[in-house]
Every structure is written in structure tokens, then in C-alpha cells.
2 protein chains.
Amino acid sequence: MAAKRVTMKDVARASGVSASTVSFVLNDAPGQTIPDATRERVRRAAAELGYVPHGLARALREGSSRIVVLNVARLPRDGVALAGFIGGLSDELAEHGHTLLVRYRDAPDDADPVLAAISPRAVLDLDRVYFDDEPELADGGWVDGLAAHTAVQLRHLVGAGHRSIAFALRGDERLSRLGALRFDYARDAAAEAGLPALVPVAVGHPAAAHDRDALAALLAEHPEITAVAGVDDEAAMRVLAAARALGLAVPDRLAVIGFDETPFAELAEPPLTTVRIDTAAFGRRAARELLGLPAATDDRGSASLAATVIRRESA
Amino acid sequence: MAAKRVTMKDVARASGVSASTVSFVLNDAPGQTIPDATRERVRRAAAELGYVPHGLARALREGSSRIVVLNVARLPRDGVALAGFIGGLSDELAEHGHTLLVRYRDAPDDADPVLAAISPRAVLDLDRVYFDDEPELADGGWVDGLAAHTAVQLRHLVGAGHRSIAFALRGDERLSRLGALRFDYARDAAAEAGLPALVPVAVGHPAAAHDRDALAALLAEHPEITAVAGVDDEAAMRVLAAARALGLAVPDRLAVIGFDETPFAELAEPPLTTVRIDTAAFGRRAARELLGLPAATDDRGSASLAATVIRRESA
DNA sequence: CTCGATCACTAAATCGAATTAGTAGGAGAG
DNA sequence: CTCTCCTACTAATTCGATTTAGTGATCGAG
């Protein structure tokens, strides 16, 4: 920011027209009658001077900038799901000349004066979607959203013959809201399949033997349970470790399925069956919605929004 | 952005002074002779109207904004290390009235005109630090940076009596640069300990039996190798899985140590020994440097920048 | 010849903030 | 009385872009 900035005035001077004309040429503004020779002269001057528009001034005048902000706030930050979503969102926005910036501040309130500084074109508030709003209305719900993916997970166990299922949650604060949502959806999917009520089990407590004890208590109280669906792969792998500690055969005595396919799933003992979601596709869809573009019409669209069961040995 | 914005002119009108006076009051500008009663009147009007400064206009006038941008670009995006770093960076910046925004675009070049739109106070280009610059000069190097943490990993194996060590890399494109750096540092640390040359082994290839075959080939060629240091926990856990497939006793025949402590490390069979780095502390330090603040003087500083070995059963 | 449309531009205003360069009035010292 | 300093403000400008509202000249149709 220290060097003298090339402004539109410099380009105007160099090309012998006014700054207004420079703006019309560089923005290809409709309704202007500027001959090609003049346009070419302006473009050359801009290139030679290395002119870069001052986005602040543009945004101030236009009323918004070409930035899209993703507000993650209280949601889990370190998983493959979010990374994929960000990748898809960022790539699609970039294809339309916008830049994605991700905000991780632990504040649910997005009336942030500093954020207002950049007048983003749009703010995608994942925090609000999953904490304040009804996610089923925003993320595809039972069609192709989190609810639908949860149903795929449950249906895999039902399809394998399981009639009594537990749902493994874990204590990560950032996962509590999503975990509660996932449990609700799983409970509904179980009810839909005519199954008895889904039973929750909490894993991931810091105490060394907690997971083993929790699983033992679960099966003592519900010996009819033959399968566990994990809120995510980590929860499922904790159930695997507890099952191993209890000497339970997986999947014969207890089947286990994860969710969100981390690279660690295949390294588990036994390798973990899980549910893969193409979160990048969700990111791309979200980008198009934010920009007011029509949904992508290629085949890639709806197929990749559906969850896929990655079959391994645990369920 | 649809609602009528309250501007400084509105506050001026409501408090009966000029917009200049409003600016002087709200910014506590030095060298102005404004009585307290007038100041109070202006502040009350601003509060009642819900005035929020238009950051774009402020930034345009001042020449920069209160945004700090972290450019991740080609680096790994989904690990606990980055999440921790972002958390620390974001929190420290917030304490000083700045907002962190993270840019994930896969472009190494940060001369992005759209990014210029927000005139960030600073840009922390992790991509450049680890791809273009000499990281040891920027991240603490052999004192408390990645090189020092790598040395801690190696020294743990040396301390356990290992004299011939392999280094497990994995094929993730985003990890290639960091992996190469880590291998270089590990090789130097091994040389420093008077050990024979460190031997690389690549894991994580998609082919199902690849890791097992790679480990078998490594030990066939180097039967003297008794330990493996992983570029990260995932690589280490792949070595564990391959060792299991080959019927190798861990840590008796082969000791394995990871890096960056994922939650999955303790779920491995056997539980993985790894190296923990408090990346949030690095984030906080980076924030202070970006803002030109002196280093934090509390005890928390240097202690938490050091790597810690988390001892479990694999090494 | 007159009038309307078109071409090829332009000056001025706007966006909303901070800063610069004042000005009128009052008080105190010489 | 005059001069200097201080108080309590103000109008205008600046930042750099886009947009609004033109203007002079030319051409073609009636």
C-alpha cells in the first residue's frame, strides 16, 4: 500500500479521455457510444500503467463488493466436511469473479461493524442455518440435505437387518447442535422404518475408560441393540475401540457405521463403514444460490448431493 | 443491505452539529475543542439512531481497513493444526479490534484485485511462507517452529534407543511441500544425533494393498529399521495398519510416532504416540506480529510454542 | 429548413467517511 | 484600545470509483 497507486485519473490522462470514459470502457458499460479505437487506447493505457481498480471505492459507489463471506462461528472447524464445502463454494464463486472469505469468530451475531466494512455481496451464515433457523428449509432437508443423509445412514443398518439401533454422540461442544439435529433426524428415520425408539450413547469423554463403560452400560440396558450409527466417523471409531475393549465382535455382535468419511475410517480395526457426502457439491450449489444464479443443469448436480454408503467391514 | 443506512449526516442532523464534529467526537480526534455536553449529545444521537460507521468509506479515506486476511491457498485445509492456528489468530486479532478472514483460493499469487477491495490491514500468506520463502526464518525454525517440532519427534525415537529410522510421507497433494520440509528437518535431526541417513517411505496410495507392500519393501531393504516417524498422524496410522497386516509387533518390532495429534490417534490399535503442537499459540503470536505489537510477556508464550510428545503405546 | 436521433464524449455529483483549513466570538494581557 | 490566543464549531476537500445529466456536432427524414 506504500507505492503510489495508479488511479483511473492516471489512465484517463494517459489515454486522453475523461475518467468517466475510462470507467465506461473498463466496465463495458451499456448505453455508451465509444468507438473501438478509443476503447483500445484506454485498455492499452490501463495495461501499461498496471491499473488495478480500487475495490473499496468501487464498492462504496456500487453499494457492495465482490466478496462473499462464509460465517462458520460455532460449527466444527476441523473436519473434511467443512473443508470440502469451502472448496466447492470458493471454486464456484471464483468462476463468477467473486472471492470467498471465511470468518471463524465465535460470535453468533453477524451485525459486526468490522464485517460491514467490506460490504460483502452476500453472507452465508452457516451458524444461523444450523443454530437459529430450520436447517431442513435451507440445506435440502429430507430431499438431499443433512436429514436425507442421516436417513441413508440409518437405512443401511435397517437394510442389513438391524431392528434395534443406538446413535453415538460425542461431547465436542462444537458438535452439540449438529449432533442434536442428527439424532432427531435419525430418530425420525428409525420411526419411519417402524423401528423401536433410537437410543443415544455418548462417547468421547476424556476419562480413559469412559467409552468402554458407556457401551457396556448401553448393551446391559438394551441387549437387543445390534447396531450403532455414529454422529460422525470419530464417534463411530470410538465405539469400535470400546467394542474391542469389551471383546465384542464387529459387525457380528455389533455393527457400526460412521458419517462424513474421514481418511481415518479405513484405518480403523475393522475398517469403518461410513457415509460419504460430496460437500463440495453443496458448496457449489450454495455459491450459485448466493449469486442468484440458476441451479446447475448438468448431471453432476443431484447425483452428487446424495449421500453414498462406503461399505467396509464394520457394518 | 436493503435498509436505509444511518450515516454520519443523520447523526449530525439529530445532534445539531456538522458531520465534521460528529467525526471528531466519535473518533476522539486530538486537537479539537469540543465541550463534553456537545460530545455527549453526539454520542447519544449516534446510539439512538443505531449508527454504525461505513467501514468502506472509512477505509477508503484512511487507506486501510481493520481486516486481516489469512491466505491458506495450497496448504492442507482439514486438519486440527490449521483449525487451532486460525482459532488463536482470530481470537488475538479480535482482542485488538480486528477481524480475521480466511481465503482458501488455490492461487499462490495474492495480487488479487478483488482482495484489494477490502484493503486489509495485513495479509498473512501461509502459502508463501511455506512455498516460496524460507520457513525457518518465519515460523520459529529450529527454535520453536516446524523444524524444532520435527526434532522433538525424532528425538523421542532416538531416546527410546532407535538407531535406524524411516520417515512416512503420504501422497496428499496439499501435503507435498510440508512433507518435503518435514523430511528435510527430520533428516537433519537424525544427522545431528549421529544416526544413519533417514529413509523415506510413502503411504496413503489409493491401491488397497499399497501401504502393506510399501512397508514390506522398506523392511526388506532396510531390516535394521526399528522405528517410523510419520509426517502426520494419518501417515503414522497407515503405517500401523500396514504393520498389523504384516503381523509386525508394535512397538517391539517397529515403533511408530505421529505428528499433530488428531483425535483419532488414541483410537488406533495400538494407541498412537504423537507430537502435539499448540497451534493456537502460534496463531496468537502471528496476530501480535501482524499488528506490530510486542511479543506477549506471560509464561504462556514460549512454553506453549514447544512441541510435546503424547506418549501412548506405539512408540 | 427543422427536428429528432445518434455519436462521442464530458463535468459534476454521488457514495460516506476523515481531514484540512478555516471563522466568529470572547477573554485576557499589554 | 489593540493584539493574541483559545473555544466551538464549520464548509470544503479528499479518497477513487461509478453514475447522472448533459453538450456539441452530424446526419437523415419529413
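Reckoned from all heavy atoms, side chains included, excluding hydrogens, waters and symmetry mates.
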Side chain proximity check, B:Asp232 to B:Leu178, heavy atoms < 4.5 angstrom:
no
So A:Val80 and A:Glu261, do their side chains get closer than 4.5 Å, heavy atoms only?
no
Atom-to-atom span, [atom1] of [X] to [atom2] of [N] - whole angstrom:
| X | N | atom1 | atom2 | value |
| --- | --- | --- | --- | --- |
| A:Lys9 | D:dT18 | NZ | P | 14 Å |
| A:Glu62 | D:dT18 | CD | P | 7 Å |
| B:Leu56 | D:dA17 | CG | C1' | 12 Å |
| B:Arg5 | C:dG16 | CZ | C1' | 8 Å |
| A:Leu60 | D:dG16 | CG | C1' | 9 Å |

Taking five pairs at each end of the helix from C:dC1-D:dG30 to C:dG30-D:dC1, what angle separates the two helix axes (nearest 10°)?
70°
Considering non-hydrogen atoms only, spot the tightest contact between [X] and [Y] and give its length.
| X | Y | value |
| --- | --- | --- |
| A:Ser15 | A:Val22 | OG-CG2, 4.3 Å |
| B:Leu56 | A:Leu56 | CD2-CD2, 2.9 Å |
| A:Ile34 | A:Arg39 | O-NE, 3.0 Å |

Strand-adjacent residues in residues 17-39 of chain A, judged by heavy atoms under 4.0 Å from DNA chain C
A:Val17, A:Ser18, A:Ser20, A:Thr21, A:Phe24, A:Gln32, A:Thr33, A:Pro35, A:Thr38
Could you check whether B:Ser18 and B:Thr21, counting side-chain N and O atoms only, form a donor-acceptor pair closer than 3.5 Å?
yes
Counting only side-chain N and O atoms of B:Arg61, is one of them less than 4.0 Å from OP1 or OP2 of D:dT14?
no
Once side-chain hydrogen bond (donor to acceptor under 3.5 Å, both in side chains) is applied, do any residues pair with B:Arg285, and if so which ones, sequence neighbours excluded?
B:Asp144
Basic-acidic side-chain contact under 4.0 Å: A:Arg5, A:Asp10
no
Remember a base hit wins even if backbone is also touched, and classify B:Met8 as base, sugar-phosphate or nothing at under 4.0 Å, heavy atoms.
sugar-phosphate
Judged by each residue's nearest nucleotide on DNA chain D, which is more toward the 5′ side, A:Val6 or B:Gly16?
B:Gly16
Is it true that atom CZ of A:Arg41 has more than 12 heavy atoms of other residues, nucleotides or ligands lying nearer than 6.0 Å?
yes
